[in-house]
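Down below is the structure, laid out as structure tokens.
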Amino acid sequence: MAGSKCTRLNGALIKQVLDSVDSVLFDCDGVIWRGDSAVPGAAEVINLLKKHGKNVYFVTNNSSKTRKLYAQKMGRMGFNVKEEDVFGTAYCTAMYLKTVANFKGKVYLIGSNALKQELEDVGIQQTGVGPDHISGAQSDWANVSLDAEVKAVVVGFDEHFSYMKVNRAMQYLNDPSCLFVATNTDTRLPLEGGKAVPGTGCLVTAVEMAAQRQAQKVGKPNGFMVDCVASQCGLDRSRCMMVGDRLDTDIMLGTNCGLKTVLTLTGVNTLADAQAHQGSGCPERQKMVPDYYVESIADLLPFLQG
Amino acid sequence: MDGAIGLKGCRKIRGSQIRHLLEAKDFFLFDCDGVIWHGEKAITGAPNVVNTLIKQGKGVFFVTNNSTRPRENYVHKFCRLGFTNVNQEQIFSSSYCSAIYLRDVAKVQGKVFVIGCEGIRNELREANVPYLEEVDEPDATIYNCALPTDVKAVLVGHDDQFTFLKLAKASCFLKDPDCLFLATDNDPWHPLKDGRILPGSGCLTAALEVATGRKATIIGKPSRFMFECISSQFTGVDPAQCLMVGDRLETDMLFGSNCGLETMLTLTGISQMEEAEEYSRSEQSNEQCFVPDYVVDTIADFLPAFEELD
């Protein structure tokens with residue numbers, strides 16, 4: 001693989017790189033929007049890429065929306081997008097259980113209504129979504145009634161996360177034949193104005209520690225989401241580019257799957273972060289060095305508009 | 001077959017070997033759960049052992065990571081279960097020691113945000129360490145809740161009322177590098193008396209460490225601080241004169257090792273002989289620290305040794 005990495009993507013290089021790809025995968029949070037605000041110019045970039053004949057897909061670790069809701073949000077922001085273009089971890093986790101795990105049974109779900117919906121859409125029943133506060137005495141908690149049909153514990157982003165949920169999950173996971181799946185392990189979810197909310201990674205860690213077991217992760221940097229895109233839409237990985245804001249998920253995913261990688265600086269990681277990985281002697285860290293970077297995906301506009 | 005020098009004995013002792021140990025040591029540090037009691041039931045013979053040691057003039061201390069009760073409550077429990085003559089001053093719980101740390105070591109200037117149970121807040125009150133009285137609306141979220149600016153420490157302990165909102169608030173406070181990050185202990189789970197388990201504070205601390213990218217300062221075992229508390233409050237507590245008795249290899253034995261104390265594993269609790277033996281065969285030096293010097297089936301094995309002493 002040729003030498004240069006972490007190169008600024010601008011000027012003539014944009015044409016060169018875009019000509020070398022047929023498909024572009026975009027992360028969402030910190031790339032095309034921040035919270036409920038679009039990154040300026042993002043909608044135009046997406047729409048123009050499509051006009052230029054590129055396949056555009058969205059690959060996000062955020063499990064709080066169904067692909068339908070994502071498409072609606074994008075529509076409201078002026079992105080010209082279909083539901084089938086969006087791959088969130090809620091949808092991909094349901095796909096994972098159905099197609100990889102061949103799962104039959106009920107799920108104990110620590111997650112959002114979106115994750116619940118995506119599971120139901122593929123015929124998987126769940127229990128556990130919503131508030132779940134402690135009640136009764138301590139001796140009751142360990143004897144909490146377990147649903148005998150539950151054969152998997154799934155952990156995604158959950159604003160109703162509580163001690164009781166960790167407890168229930170732990171009790172189910174005591175059975176080694178109970179599957180343990182996590183949507184992703186992002187440590188933070190970035191919002192507008194620099195605020196961040198603890199990410200799913202925190203919740204997964206709590207359950208892993210209580211259960212003394214590791215979860216199977218579906219989201220980036222695990223390659224499953226790219227497999228999902230490929231199996232549903234066809235994908236030539238050698239002519240595909242991943243654009244993201246997190247080195248440990250987006251860029252790592254791109255490297256693992258043989259995609260070209262572009263870091264955008266509108267989200268979590270900085271250029272200094274990427275350069276630090278580049279300067280380290282560590283092979284694992286080298287996987288997090290992007291091929292290119294942009295200040296914002298709007299940097300592509302001059303070429304796309306011209 | 002290992003000829004390595006300095007490996008711990010990990011051997012079961014009884015009778016005269018125990019008698020020798022009782023003569024050699026002036027101070028006995030006992031873990032509680034799984035060592036002297038299971039839930040609300042004293043381990044057979046344990047009250048007799050403890051009472052006798054105290055009567056003989058030995059220094060007896062109780063060192064527990066269980067942060068759910070204030071020391072006052074522990075005194076009542078000791079009494080209820082037949083351990084007479086145990087004073088509050090002999091009890092070192094992770095919640096009590098966390099309060100001491102905040103007051104005397106960190107000398108925290110500002111309020112403490114507590115993710116924990118009433119037992120922890122009780123100890124903070126006793127030590128006059130101010131903490132945040134949270135009054136969140138039922139539908140409060142991180143987007144609209146109050147975030148006071150005078151929080152200078154976050155303390156995580158056992159919290160059965162743990163919620164996402166608490167995790168989010170604590171992450172915000174800990175963005176300030178001058179805000180301390182403390183945890184009563186890092187036990188991943190706790191056993192209940194019937195063999196079932198419950199998630200421990202370690203899980204909640206781990207979640208917050210992931211959210212903040214920061215490591216908590218652990219007050220309880222296996223960190224040294226609780227021993228430092230003991231030796232600062234009692235004179236002459238020389239590590240060489242101490243025996244740490246516990247049931248959890250990764251907590252109690254490591255604690256003893258970290259403080260330079262000899263250690264004894266009792267088999268009435270969490271860890272089994274096989275696990276101790278596996279660690280003793282390990283080539284990793286950090287796992288050697290989990291290996292006890294001595295092993296007994298139960299601390300009631302001390303009783304025959306007392307008779308010989310009399």
Side-chain angles (χ1 to χ4, degrees), chain A residues 35-36 64 110-112 131-144 146 155 157-171 173-174 184-189 191-213 248 268, chain B residues 33 38-40 66 68-69 115-117 119 138-145 147 156-175 186-214 250:
Chain A
D36 286 322
S64 61
I110 295 179
S112 58
D132 185 3
H133 296 303
I134 208 88
S135 63
Q138 207 182 53
S139 52
D140 298 332
W141 311 337
N143 290 316
V144 70
L146 300 183
V155 182
F157 185 72
D158 185 2
E159 279 186 318
H160 295 291
F161 190 72
S162 67
Y163 179 86
M164 195 50 165
K165 293 195 179 198
V166 179
N167 180 39
R168 279 195 218 274
M170 185 189 74
Q171 306 297 347
L173 289 169
N174 205 32
N184 63 305
T185 53
D186 295 45
T187 57
R188 283 174 299 156
L189 190 64
L191 299 172
E192 191 58 32
K195 246 195 180 167
V197 173
T200 308
C202 308
L203 317 187
V204 175
T205 297
V207 177
E208 284 184 329
M209 184 165 284
Q212 298 281 287
R213 285 177 60 171
D248 61 349
V268 169
Chain B
D33 299 305
H38 284 133
E40 277 295 309
N66 190 325
T68 59
R69 285 173 202 269
I115 294 181
C117 50
D139 59 352
T141 68
I142 191 61
Y143 313 108
N144 63 21
C145 70
L147 279 178
V156 185
H158 182 85
D159 188 2
D160 50 52
Q161 312 285 334
F162 184 75
T163 60
F164 183 80
L165 181 59
K166 291 186 185 187
L167 176 64
K169 283 171 90 164
S171 309
C172 288
F173 293 132
L174 287 169
K175 273 217 202 99
N186 59 6
D187 296 344
W189 50 267
H190 301 297
L192 291 182
K193 58 183 184 293
D194 56 359
R196 297 272 209 148
I197 62 176
L198 281 181
S201 3
C203 306
L204 313 185
T205 304
L208 193 48
E209 287 182 330
V210 169
T212 58
R214 293 177 59 170
E250 300 84 1

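Numbered from 1 within each chain, the chains take letters A, B, ... in sequence-line order. Just so it is clear, the values below take in all heavy atoms, side chains as well, and ignore hydrogens, waters and symmetry mates.
Neither the backbone nor the side chain of B:H190 comes within less than 4.5 Å of any heavy atom in chain A. Using a 4.5 Å cut-off between heavy atoms, B:D160 touches chain A through backbone and side chain atoms alike. Neither the backbone nor the side chain of B:L165 has a heavy atom closer than 4.5 Å to any heavy atom of chain A. For B:T163, the parts lying under 4.5 angstrom from a heavy atom of chain A are both the backbone and the side chain. Contacts of A:D158 with chain B are made by backbone atoms alone, with heavy-atom separations under 4.5 Å and no side-chain atom involved.
Each of A:Q212, A:E208, A:M170 was evaluated against B:P188; a single residue qualifies, A:Q212, per the side chain to side chain contact (heavy atoms under 4.5 Å, CB included) test. Considering B:L208, B:T212, B:L167 as possible partners of A:P198, the one that fulfils the side chain to side chain contact (heavy atoms under 4.5 Å, CB included) test is B:L167.
Checked by atom type and distance alone, the side chain of A:Y163 never pairs as donor or acceptor with a backbone atom of B:H158 at under 3.5 Å.
Rounded to the nearest 0.5 Å, atoms SG (B:C203) and CG (A:N167) are 10.0 Å apart. Between A:C202 atom SG and B:F164 atom CZ the span is 7.5 Å, to the nearest 0.5 Å. Atom-to-atom distance recorded for B:R196:CZ and A:N174:CG is 8.0 Å, nearest 0.5 angstrom.
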>> Checking B:F162 against A:M164 for the side-chain contact (heavy atoms from CB on, under 4.5 Å) test, could you report, in this order, the C-alpha distance in whole Å, the side-chain angles of both residues, the deciding distance, and whether it holds?
In response: CA-CA 8 Å; B:F162 184 75; A:M164 195 50 165; over 6 Å; no
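Between A:R188 and B:A211 the shortest heavy-atom distance is CG-O, 3.8 Å.
Between chain B and the options A:Q171, A:H160, A:K165, A:M209, heavy-atom pairs under 4.5 Å are most frequent for A:M209.
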